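Quick note on labels: first sequence line is chain A, next is B, and so on, each numbered from 1. Just so it is clear, the structure is predicted and the values come from calculations on it, not from any experiment.
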Amino acid sequence: MARVLLFGPLRDLAGWRERDGIEAASIGALKALLAKEDARLGAALSGPGVQVALDQAIVRGDQPIGPRAEVAFLPPMSGG
Amino acid sequence: MARVLLFGPLRDLAGWRERDGIEAASIGALKALLAKEDARLGAALSGPGVQVALDQAIVRGDQPIGPRAEVAFLPPMSGG
Amino acid sequence: MITLTEEPFDPGALLSEFSKGRSEVGAVATFTGLARAEAGGTTILELEAYPGFTEAAIGQIADEARARFELDDLMIRHRIGKIAPGEAIVFVATAARHRRAAFEACDFLMDYLKSRAPFWKKAHGPDGEHWIEPRAEDHRDIARWDEETPQ
Amino acid sequence: MITLTEEPFDPGALLSEFSKGRSEVGAVATFTGLARAEAGGTTILELEAYPGFTEAAIGQIADEARARFELDDLMIRHRIGKIAPGEAIVFVATAARHRRAAFEACDFLMDYLKSRAPFWKKAHGPDGEHWIEPRAEDHRDIARWDEETPQ
């Protein structure tokens with residue numbers, strides 16, 4: 001179970017910013033699930049420079065997702 | 001005839017900041033006059049780093065002094 | 001103090017607050033970034049942050065600034081949400097005993113904020129909207145600090 | 001605008017005034033120099049200027065800053081007379097389209113003001129009074145600009 005957050009261009013692409021209660025055991029499984037729903041979003045989530053934050057910390061590669069986890073997909077940051 | 005201004009440590013040394021109506025035909029004559037009155041001030045006016053401004057412009061060496069001239073002795077500047 | 005805010009702010013009011021009562025500090029440097037109208041090309045700038053994550057990331061850089069430079073204090077205020085031309089986007093203030101430390105820390109913090117801080121920025125103009133990436137200049141600016149040995 | 005004043009001023013009020021209505025500028029840097037108490041060693045700082053001459057000399061450096069850096073505007077306010085610890089001695093603000101120009105011009109102006117501007121500075125403390133000369137650090141700071149090629 002994860003809360004998923006999208007930022008910047010990813011939010012515009014998906015048409016949503018936040019979804020709660022998504023069932024996925026890992027980051028990889030979560031990406032696969034989202035890609036099945038929306039192939040363009042799936043491709044973008046694995047696109048260049050997109051980082052993943054699990055409970056507000058950047059993680060690399062696949063990672064298990066605990067209960068009530070927050071997973072954020074962060075496209076390249078623009079600075080302020 | 002000159003108005004003479006002293007700044008910074010020179011003012012403290014002389015005990016005055018401004019004097020008007022001093023009769024001197026040149027910077028050199030003015031220095032000599034002031035040195036005659038006060039030998040320590042005279043030495044300080046020719047001391048290291050003391051610049052002379054004639055009518056608010058820095059001058060070097062001896063210069064004639066016109067009527068109603070303003071002569072300022074500027075010890076090394078400290079910055080603000 | 002690091003604050004993200006959706007409310008417009010006056011950089012002058014922040015400087016008044018920041019510089020008040022500092023009788024042992026000597027030097028206060030500030031930088032204010034203002035939203036540009038781009039001669040009518042941009043009407044509104046929209047800045048998105050990741051609440052919590054963005055403050056924490058800026059906080060880490062603030063700690064790095066405190067470690068690199070001899071600072072007494074620093075303040076960072078950053079707008080998020082929709083920003084009109086002429087409004088302040090970012091305000092950074094640094095206080096130090098010596099001028100150079102205050103300037104360099106302010107410069108360092110701004111280079112980070114403009115190129116690497118977790119914000120996403122969109123320009124809304126008469127021709128629609130588009131997401132903005134850091135300029136090449138911002139990447140060069142931040143790279144300056146990697147080359148230097150820590151001070 | 002270059003102003004010498006015997007009145008205390010709030011640097012924040014000057015920044016508010018300076019940054020207002022700048023919708024095409026982007027970058028405003030400021031520096032504020034505050035009188036230090038030196039842990040009780042200095043009670044009052046006294047700054048003397050040569051009225052007219054001092055403003056003109058600062059004006060020349062302001063012109064040089066405008067020539068070296070791509071500035072939209074600048075402001076310099078300098079206290080003269082007796083200044084209490086914690087009060088602002090000098091405020092410099094620069095506005096430019098790009099951050100680097102604003103920072104560098106502000107830094108350049110401060111280096112000049114702290115080392116070569118026509119002021120004479122006296123510290124009054126519990127042990128009497130003494131005239132202050134620029135620090136070696138100030139001479140080094142201003143020398144940085146001589147080595148660089150004009151930009």
Side-chain angles (χ1 to χ4, degrees), chain A residues 1-22 24 26-27 30-31 34 38 40-80, chain C residues 2-5 31-35 45-61 76-81 83 87-92 109-124 128-142:
Chain A
M1 284 267 290
R3 195 158 73 100
V4 177
L5 302 175
L6 302 181
F7 289 92
L10 291 176
R11 167 183 40 119
D12 282 1
L13 180 69
W16 52 272
R17 185 199 144 95
E18 183 173 336
R19 277 172 59 187
D20 212 343
I22 297 186
S26 69
I27 305 273
L30 175 63
K31 281 184 176 179
L34 294 171
D38 180 342
R40 280 177 65 220
L41 176 61
L45 292 180
S46 298
V50 174
Q51 298 184 86
V52 180
L54 175 58
D55 293 327
Q56 304 224 337
I58 298 288
V59 292
R60 286 174 215 291
D62 202 3
Q63 296 277 338
I65 298 175
R68 287 189 297 278
E70 179 178 288
V71 179
F73 291 95
L74 311 176
M77 295 153 184
S78 68
Chain C
I2 296 162
T3 317
L4 303 186
T5 174
F31 182 85
T32 307
L34 301 166
L45 198 67
E46 187 180 355
L47 266 168
E48 193 182 1
Y50 179 3
F53 180 88
T54 300
E55 289 93 328
I58 297 173
Q60 281 177 15
I61 293 295
I76 299 171
R77 175 93 39 127
H78 212 297
R79 271 292 286 284
I80 52 175
I83 306 167
E87 289 182 353
I89 303 171
V90 58
F91 175 81
V92 172
L109 289 167
M110 276 309 306
D111 280 352
Y112 167 75
L113 287 166
K114 292 298 287 183
S115 65
R116 291 192 192 160
F119 291 102
W120 297 273
K121 193 159 54 179
K122 188 189 262 187
H124 298 258
E129 53 180 58
H130 66 277
W131 291 95
I132 300 170
E133 303 252 323
R135 299 170 305 151
E137 193 177 323
D138 291 317
H139 287 304
R140 278 198 304 278
D141 285 344
I142 187 80

Among residues 6-22 of chain A, residues within the sub-4.5 Å heavy-atom range of chain C, in order of number, are A:Leu6, A:Phe7, A:Gly8, A:Pro9, A:Arg11, A:Asp12, A:Arg17
Considering heavy atoms only, which positions within residues 56-72 of chain A lie below 4.5 Å of chain C?
-> A:Gln56, A:Ile58, A:Glu70, A:Ala72
Given a strict heavy-atom distance threshold of 4.5 Å, which part of C:Leu113 is in contact with chain A: side chain, backbone, both, or neither?
-> backbone
So what's closer than 4.5 Å to chain A heavy atoms on C:Ala49: side chain, backbone, both or neither?
-> backbone
Got a sec, which residues hit side-chain contact (heavy atoms from CB on, under 4.5 Å) with C:Ile2, two or more places apart in sequence or on another chain?
-> C:Ile58, C:Ala62, C:Ile76
Quick one: does C:Trp120's side chain get under 4.5 Å of A:Pro75's, heavy atoms only?
-> yes
Minimum-distance pair of heavy atoms, taken over all atoms of A:Ser78 and C:Ile132 | CB-O, 3.0 Å
Turns out that what part of C:Lys121 lies under 4.5 Å from chain A's heavy atoms comes down to both
Rounded to the nearest 0.5 Å, the CG atom of A:Leu74 sits from the OH atom of C:Tyr50 at a distance of 7.0 Å
Go through the structure and list residues passing ring pair (Phe, Tyr, Trp, His ring centres under 6.0 Å) with C:Phe119, not counting sequence neighbours.
-> C:His78
